[in-house]
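The next block holds one structure in the form of C-alpha cells; read it before the comments.
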Amino acid sequence: MKSKLTFSLHILLLLNFAVFAQPNYDEAEIKTIPVNDHIHMLQWSGAGNMMVLTGKDGNILIDDQFAPLSDKINNAIQAVQTGPVKFLFNTHYHGDHSGGNEKFAQMGATIFAHENVRARLSADSSIIKFTQAPKPSPEASWPVITFSEGLNVYLNNEYIMIFHVHHAHTDGDAILYLPQSNVIHTGDCFMKGRFPFIDLNSGGSVNGWIAAASKILTVIDDETVVIPGHGDLATKKDYENVRDAVMSLRDAVKTNYRLGKSLEDILAMNLTKNYENNFGSGFIKGDALVTTIYKELSTN
Ligand SMILES: [Zn+2]
C-alpha cells in the first residue's frame, strides 16, 4: 500500500512539475509591484515571489527565482535603486526561490537562510535526513549565515523579524515580517488562492503547515500586506481562507482514514469539491492535497 501510494504521489507531482519543466526564461518578464516607497514585490508567474527592500543600507532581496533570470531580476532591482544586492534571504531551498543564489553571491550578496536550507543545498546529511538522494548545489549558492529558530535584522530603517516555522512547506521555512511597514513574506507557506504544496519529501508536514499558518495569522492583522510565495499580493483573510480549507480537509480525510477507508475510497468522495473553485487553480489540485494528507496519516 505504502509503495503504491508513494508511487501515485510521485506521478501526481511529476505531472504537475512537468508543467514547469520548460519555462520560457527568454520571454519571462519580471514585474515590479510597489508595496510602499521602499518595499517592492518582484514577480514572474513561473517562479516564487521576491521582495526588495531598499534604502540607505543598500538593496536587500528575499528569494531569487531561477538562475537564468538573475540578470532580469537584477535589472528590475536596479530600476528601483541602483547598487548590488547586499543581503539575500531565502524563504526555503526550492529552486524557484533560491536558484539565483550562486549568481547573486558572485555579484556580492551575503546569503541568509534557515540552517536546513544550507543542509539541503549542500546535501549535508549530517544535519538532516534525506528521503531522496541529495544533490549538492554549487558551494557559492549555500547560505553563509544560518539560523535555527529566528533572527532579528535591522536594515534600511526596518526591523525584520525572521522566524522559522517547523515542518511546514519544507523543514527550512523562514517567515520574514516587517512590523513597521506591516508587510510579511510567507514563502511557500502560503500561495494566494491555491491549495498549498506540502513537500513531505523535504521535511514538510500537513499538521506543521496548519500550525505555521495559525502562528503567522496571530502575528499579522487585517492591514498587513502579505507577499505570498506565489500569486498576487494578499491579505490575512486570504491566508485564513486557505488555512481553514486545509484544516477541514485534514479533519475529513482523518475521519475517513480512521474508519478504514483507502486512499482510493477517499479520493472518490471528492471531499475537495467545494474548495476547487477557490483553491484548485494552482499546480496542486484537490486530489494531490488529499493524497498528501492521507500519506502523512498513514506513515505516522
Ligand atoms: Zn517551495
Side-chain angles (χ1 to χ4, degrees), residues 9-10 12-21 23 28 41-51 61-67 69 73 88-101 111-121 123 128 130-132 134-135 137 141-143 162-176 184-206 208-213 216 226-232 234 238-239 242-243 246 279 281-285 288-289 291-292 295-296:
L9 186 70
H10 282 165
L12 276 171
L13 291 177
L14 280 174
L15 285 172
N16 285 318
F17 278 126
V19 176
F20 294 110
M41 175 167 85
L42 299 185
Q43 188 180 49
W44 169 61
S45 59
N49 288 329
M50 300 164 282
M51 187 188 112
L61 181 62
I62 301 173
D63 285 351
D64 55 17
Q65 300 202 340
F66 296 113
L69 295 167
I73 293 164
L88 168 60
F89 297 85
N90 294 142
T91 59
H92 62 293
Y93 91 104
H94 284 150
D96 59 331
H97 295 258
S98 72
N101 279 10
I111 306 173
F112 292 67
H114 185 265
E115 60 194 8
N116 289 348
V117 172
R118 183 179 163 98
R120 289 195 178 277
L121 292 179
I128 45 168
F130 289 84
T131 55
Q132 296 169 326
K135 290 187 212 85
S137 298
S141 69
W142 306 350
I162 305 176
F163 59 98
H164 173 54
V165 285
H166 296 247
H167 300 286
H169 171 62
T170 66
D171 60 6
D173 300 313
I175 308 299
L176 293 92
I184 195 165
H185 194 313
T186 64
D188 281 354
C189 287
F190 171 53
M191 304 192 279
K192 186 183 183 184
R194 301 177 196 183
F195 290 126
F197 169 44
I198 295 167
D199 186 354
L200 301 182
N201 287 325
S202 301
S205 114
V206 176
W209 183 92
I210 292 169
I216 294 161
V226 181
I227 299 179
H230 296 262
D232 293 333
D238 295 324
Y239 200 170
V242 69
R243 189 270 318 256
V246 174
F279 308 116
S281 66
F283 87 99
I284 295 294
K285 305 298 178 198
L289 179 59
T291 302
T292 299
K295 190 181 178 205
E296 181 164 317

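In listed order, ligands and their atoms are each counted from 1.
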Count of N, O or S atoms belonging to protein, less than 2.8 Å from the Zn ion (ligand 1)
4

Are the aromatic ring centres of His97 and His230 under 6.0 angstrom apart?
yes

Can a side-chain donor-acceptor contact be found between His94 and Asp199 if the only test is distance below 3.5 angstrom?
yes

Please report the closest heavy-atom contact between Phe66 and Ala47, naming both atoms and the distance.
CE1-CB, 3.7 Å

Please tell me whether Tyr93 and Ser202 have a donor and an acceptor in their side chains that are separated by less than 3.5 angstrom.
yes

All heavy atoms of Asp188 vs all of Gly229, minimum pair found to be OD1-CA, 3.2 Å

Cation-pi check, Arg243 to Phe190: give yes when NZ or CZ is under 6.0 Å from the six-membered ring centre and within 45° of the ring axis, no otherwise.
no

